[in-house]
Amino acid sequence: MLAYYIQGGQLMREQHVLITLFGATGDLAHRKLYPAIFRLFQKGFIKNHFAVIGTARREWTDDYFRDVVKQSVQSLVKSEEELNEFLSHFYYQPHNVNDTHHYVVLKELSERLDETYQINGNRVFYLAMAPNFFGTITEHLKAEQLLTPNGYNRLIIEKPFGKDFASAQELNHQLRQSFDENQIYRIDHYLGKEMIQNISAVRFANRVFEALWNKENIDHVQISLLEQVSVEERGGYYDTSGALRDMVQNHILQILALVAMEPPVSFGDIRKNKIKVLEQLRPYTPEEVKENFVRGQYGPSEDGLKPGYREDANVADDSNMETFVAGKVLIDNERWQGVPFYVRTGKSLNAKETIIDVVFKEASSPLFCGVEGCPSNRISIHITPREGFCFVINSKAVGNTIALQTSHLEKIFDETFSLRSPEAYERLILDCIEGDMTNFTHWEEVAASWKYVDTIRQTWDSEIAEEFPNYAAGSKGPKVSFELLEREGRKWVERD
Ligand code: BG6
């Protein structure tokens, strides 16, 4: 029976696809990927003509695998029948990524499932595992002819994509031996978030913003990705990464690119325009890095209940790694010359908040903005945990006065919004199956971002941060982050 779904106002046939998941026993698969695939199944994007092969080193059976998947999707299940139907499409193949023979077995299984489910040769290879295996896997996929000549072959890979420009280039080179750029879907899960995708709608579908989105009208932009969680179980990874590699190189610069890019003419232009703006970030000398970027590391909380970063079992006692970054990014182009983009991110802060604040220049009315000036208008895009917008506007205070009052025109979506909006991984896996690369990062974006971040990393690695730890877990972050803006007569937007 043919199944259909509506996408972008169009009636679409259900997708035919075989997803081969490397890292099927891992945490990401369990927490995010199986639920995402299940939601796609429930919504009819995939129905009869799909199969998932899970692979990893462990010697699991199909039944055991299905049991694991079952547990991961349990909370979403509406009927036992639906669940069993879904699980029947899952298969497990133990796999050693270095063993050629295993790829031969995998190929046989793929071909068998292709026939059973009439998949038409469409393949998605999802590498949910450490990047040091990417090259070996993709090389074998090609050499052992797992790439099909008739359908599509797409590769999804997770971050981190390298640890600096050189290693990213090397990794990319390895992948490109087997896959073309237009077959490589590099995940940045922020690009799958509802409100991140909303940035373009706000910018380009509103004359009031579209017309004012430039250096003449915007004073500065703030991008804050603040986290309440500590490094949790990931101290070992984090101590080689730090906030700069973990959040700035990817999520923050991606958001910045969406906020700053030139207006695209088509969705296909978005990545091209993001690449351009990332290549226009003003590179800093090491001296300029020290002026424009500050770092922090959390110590124990003031009440002593939350441990400091260096107390983590997998972190060095004298670790120099930052768990907080704030910086001023400048873009050298006509639209943004001289407009600072202040960015910040950190762990173990007082609250989780992901938000973009676009602060406009003050109005200049001699009537209302005399000596003290007028408060700036601002559009804030709340990404998470609250999702919505806030437009800050001035009007006359009530009564016999010409004093101003500032109002917050706020639209915060209720819980049904997040229930209705697809989860990031659900959206991104569907995009990949449908062949839409808009919300995946192009190699040139990755390259430009690493080049920008590398100078900061090198500058910081060359000097011990004597001041670490410089903020308490559960606080608002280090003093230097506030000083960065204060010295330019600005401040981070505070909310109640
Ligand atoms: C990941 C980082 O990419 O993003 C994590 O590796 C971070 O350290 C996470 O916690 C934040 O994502 P989100 O969606 O919870 O804001």
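Residue numbers count from 1 along this sequence. Whatever order the structure lists ligands and atoms in, that order sets their numbers, starting from 1. What you are looking at is a predicted structure, and each value in this text was computed from that prediction instead of being measured.
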Donor-acceptor pair, Q183 side chain versus Y152 backbone, under 3.5 Å? no
N320 side, atom CG; D318 side, atom CG - distance, nearest 0.5 Å: 8.0 Å
Would you find a donor on one side and an acceptor on the other, under 3.5 Å apart, between the side chain of T345 and the backbone of L225? yes
For F86 and Y34, I'd like to know if the aromatic rings sit close, meaning centre-to-centre distance below 6.0 Å. no
Under the criterion salt bridge (Lys or Arg N to Asp or Glu O under 4.0 Å), I'd like the reasoning laid out for R186 against E181: C-alpha separation, chi angles, the key distance, then a yes or no. CA-CA 10 Å; R186 297 180 194 81; E181 175 61 31; 2.9 Å; yes
Amino acids contacting ligand 1, non-hydrogen cut-off under 4.0 Å: K159, H189, Y190, K193, E227, R234, D246, M247, H251, K347, K352
Check the angle between the aromatic planes of W336 and W213 and answer parallel, tilted or perpendicular using the 30° and 60° thresholds. perpendicular
